[in-house]
Amino acid sequence: MSSETTQVSSLPLPPLQYINFYTDENVRRNRAPLAPRPIHDSYQMFGHTFNADDTIIRSLESQGFRRLYPMHFERRRELKKLNHSLLANFLDLLDLLVHCPDSPKRAEKVEDLSLLFIHIHHLLNEFRPHQARETLRVMMELQKRQRVETAMRFQKHLDKVQDILQNALQSLPDQNDMESNFKVPTEILEHMDCGPIDSANLDPCYELDRIMCNVVDNMR
């Protein structure tokens with residue numbers, strides 16, 4: 001084997017290898033790979049050529065297979081019929097292998113089994129759009145339920161905060177009581193306005209300090 005030979009995998013790179021290209025430094029320096037351009041013509045995937053205009057689920061005729069069921073049918077009934085035909089053909093193949101292993105009909109039975117498997121696989125793939133819609137619907141319902149639950153929790157916390165604020169407002173003293181506590185007795189002010197008083201009869205604390213002490217005592 002020459003050294004120039006390279007191995008090409010039919011499968012895409014794992015997602016982690018793509019993620020490693022998009023680091024913060026690579027994005028900041030414009031080193032991250034650009035997004036792939038839209039494909040307008042044909043492309044290859046897994047060794048097969050596909051056209052961009054092809055439908056998501058191609059018909060059996062476009063893939064070169066003979067259709068075994070009519071154009072208008074019930075999928076559940078046809079799947080049951082294909083399953084029964086698959087079992088019957090498999091039993092016929094076993095009978096040929098036991099009695100006539102060299103019979104050319106053995107290859108025909110193998111082709112019939114392959115065609116039946118292709119039809120079953122095709123019918124199951126036709127349920128993919130329905131499965132995608134149902135999956136999306138379930139995801140949206142789950143997101144809606146999560147958001148509703150989050151909103152309900154926020155509402156409960158909001159109600160609790162409003163109750164706390166309401167209780168705090170109710171526990172505040174009345175405005176008239178607060179004004180009456182801060183009023184200074186007129187006798188003290190008249191006593192302070194009088195002439196000189198004997199220092200021996202005065203209390204050690206000042207008159208203004210006594211006023212503040214009275215206000216604090218009234219607030220308790």
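Residues: numbered from 1 along the sequence shown. All figures in this text were calculated on a predicted structure; none of them were measured in a lab.
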Problem - Derivation and outcome, salt bridge (Lys or Arg N to Asp or Glu O under 4.0 Å), residues E78 and K81 - result: CA-CA 5 Å; E78 293 299 329; K81 291 168 60 177; 3.6 Å; yes

Exercise for the section: Let me see the working for E108 and K105 under salt bridge (Lys or Arg N to Asp or Glu O under 4.0 Å), right down to the final yes or no. Expected result: CA-CA 5 Å; E108 296 178 3; K105 292 184 178 181; over 6 Å; no

Practice task
Determine, stepwise, if the pair R147 / T150 fulfils side-chain hydrogen bond (donor to acceptor under 3.5 Å, both in side chains).
Solution key: CA-CA 5 Å; R147 293 179 180 179; T150 303; over 6 Å; no

Practice task
Assess whether side-chain contact (heavy atoms from CB on, under 4.5 Å) is satisfied between E149 and R153, documenting all intermediate values.
Solution key: CA-CA 6 Å; E149 292 176 355; R153 289 197 298 268; 4.0 Å; yes

Practice task
Would you sort out whether R137 and E141 count as a salt bridge (Lys or Arg N to Asp or Glu O under 4.0 Å), showing the intermediate values?
Solution key: CA-CA 6 Å; R137 184 182 62 82; E141 288 182 354; 2.9 Å; yes

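With N83 contributing its side chain and L79 its backbone, the two residues share no donor-acceptor pair below 3.5 Å. A donor-acceptor pair under 3.5 Å is formed between the side chain of S171 and the backbone N or O of A168. Without hydrogens or angle criteria, H122 side chain to I118 main chain gives no donor-acceptor distance under 3.5 Å. With hydrogens and angles ignored, the 3.5 Å screen pairs a side-chain donor or acceptor of N26 with a backbone N or O of F21. R106 contributes no side-chain N or O that, together with a main-chain N or O of L97, makes up a donor-acceptor pair within less than 3.5 Å.
Atom CD of Q166 and atom CD of Q170 lie 5.0 Å apart (nearest 0.5 Å). For the atom pair CG (L124) and CG (L82), the distance works out to 9.5 Å, reported to the nearest 0.5 Å. To the nearest 0.5 Å, atom NZ of residue K109 and atom CG of residue L91 are 10.0 Å apart. In this structure, T135 OG1 and M139 CE are separated by 8.5 Å, a value rounded to the nearest 0.5 Å. Between the CE atom in M140 and the CD atom in Q143 there is a gap of 7.5 Å [rounded to 0.5 Å].
No more than 12 heavy atoms of other residues, nucleotides or ligands lie within 6.0 Å of CZ in F90, so this atom counts as exposed by the packing criterion. The environment of CZ in F73 is crowded: more than 12 heavy-atom neighbours from other residues, nucleotides or ligands sit within 6.0 Å. Residue D24 qualifies as open at atom CG: its count of foreign heavy atoms under 6.0 Å is 12 or below.
Within the 4.5 Å cutoff, the side chain of H84 has no heavy atoms near those of the L87 side chain.
Scanning both residues, V27 and A32, for their nearest heavy atoms gives CG2-CB, 4.2 Å.
Transitive grouping of hydrophobic side chains (ILVMFWY, heavy atoms separated by less than 4.5 Å) keeps L96 and L94 in distinct clusters. A continuous path of hydrophobic side-chain contacts links L93 to L68 [ILVMFWY only; heavy atoms under 4.5 Å].
Under the ring-ring contact (aromatic ring centres under 6.0 Å, His included) criterion, H119 pairs with Y69, not counting sequence neighbours.
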